[in-house]
*Asks:* 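Could you have a look at this structure, given as structure tokens, before my questions?
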Amino acid sequence: MRAAANLGVLRPPFPGRCHELKADRAGQLSIDLVHPYRLVFVPSADPSPEKPGGGLDWDLVTAVTIIGIEDTHG
């Protein structure tokens with residue numbers, strides 16, 4: 001992640017299934033580690049950059065804040 005120019009390079013088909021979380025975790029993202037664990041993080045910018053039509057603009061996210069490593073389904 002440190003070497004990535006922006007979050008957009010981690011979009012599928014990048015291995016690790018980086019994706020935005022939903023419901024009470026909206027605004028957070030996760031990337032798969034060793035099952036069932038995931039690295040959970042948020043864009044560092046506040047507010048997070050959005051596309052004109054809404055939704056996170058992954059290409060404008062250049063820094064993240066790591067929340068932790070956890071089982072998001074547990």
Side-chain angles (χ1 to χ4, degrees):
M1 289 179 73
R2 184 180 301 258
N6 60 57
L7 193 58
V9 300
L10 299 180
R11 281 187 161 269
F14 182 84
R17 206 173 65 89
C18 186
H19 63 282
E20 295 178 57
L21 300 177
K22 300 177 182 176
D24 63 331
R25 300 200 91 154
Q28 299 178 1
L29 297 98
S30 75
I31 191 165
D32 290 347
L33 299 174
V34 176
H35 183 73
Y37 297 103
R38 296 176 180 182
L39 179 70
V40 179
F41 57 96
V42 295
S44 293
D46 186 23
S48 298
E50 292 189 0
K51 295 178 185 177
L56 181 64
D57 190 335
W58 288 42
D59 293 333
L60 295 180
V61 176
T62 57
V64 299
T65 301
I66 295 173
I67 294 174
I69 295 173
E70 52 191 270
D71 177 357
T72 58
H73 294 115

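The chain is numbered in sequence order, starting from 1. Computed over heavy atoms, backbone and side chain alike; hydrogens, waters and symmetry mates excluded.
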*Asks:* Scan residues 1-13 for pairs that pass salt bridge (charged side-chain N to carboxylate O under 4.0 Å, His left out), counting only residues two or more places apart or in two chains.
*Replies:*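 Sorted result for residues 1-13: empty, none.
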*Asks:* What heavy-atom pair brings G27 and V42 nearest, and what distance separates the two atoms?
*Replies:*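 Shortest heavy-atom separation between G27 and V42 comes out as O-CG1, 3.7 Å.
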*Asks:* Run the side-chain donor-acceptor check on residues 52-67: report pairs under 3.5 Å with partners two or more places apart or on a different chain.
*Replies:*
unit_1: D57; atom_1: OD1; unit_2: D59; atom_2: N; d: 3.2
unit_1: W58; atom_1: NE1; unit_2: E20; atom_2: OE2; d: 2.8
unit_1: T65; atom_1: OG1; unit_2: S44; atom_2: OG; d: 3.1

*Asks:* Is the closest side-chain heavy-atom distance between C18 and F41 below 4.5 Å?
*Replies:*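 Heavy-atom side-chain distance check passes, below 4.5 Å.
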*Asks:* Supply the atom-to-atom distance L7 CG to I31 CD1, rounded to the nearest 0.5 angstrom.
*Replies:*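 Going from the CG atom of L7 to the CD1 atom of I31 covers 8.5 Å.
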*Asks:* Kindly indicate whether the side chain of R25, heavy atoms from C-beta on, has any atom under 4.5 Å from the side chain of V40.
*Replies:*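 They are in contact (side-chain heavy atoms under 4.5 Å apart), so the answer is yes.
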*Asks:* Measure the shortest side-chain to side-chain distance between L10 and L29 over non-hydrogen atoms and say whether it is less than 4.5 angstrom.
*Replies:*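 A side-chain contact is absent here, since even the closest heavy-atom pair is not under 4.5 Å.
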*Asks:* Once you round to the nearest 0.5 Å, how far does CE of M1 lie from CG of L39?
*Replies:*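 The CG atom of L39 is 5.5 Å from CE of M1, to the nearest 0.5 Å.
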*Asks:* Does D32 have any side chain to side chain donor-acceptor pair (under 3.5 Å) partners at least two apart in sequence or in another chain, and if so, which?
*Replies:*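 In terms of side chain to side chain donor-acceptor pair (under 3.5 Å), with neighbours along the sequence ignored, D32 is linked to R17, R38.
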*Asks:* With sequence neighbours left out, write down each residue that passes side chain to side chain donor-acceptor pair (under 3.5 Å) with E50, or none if nothing qualifies.
*Replies:*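 Once residues adjacent in sequence are excluded, E50 has no partner under the side chain to side chain donor-acceptor pair (under 3.5 Å) criterion.
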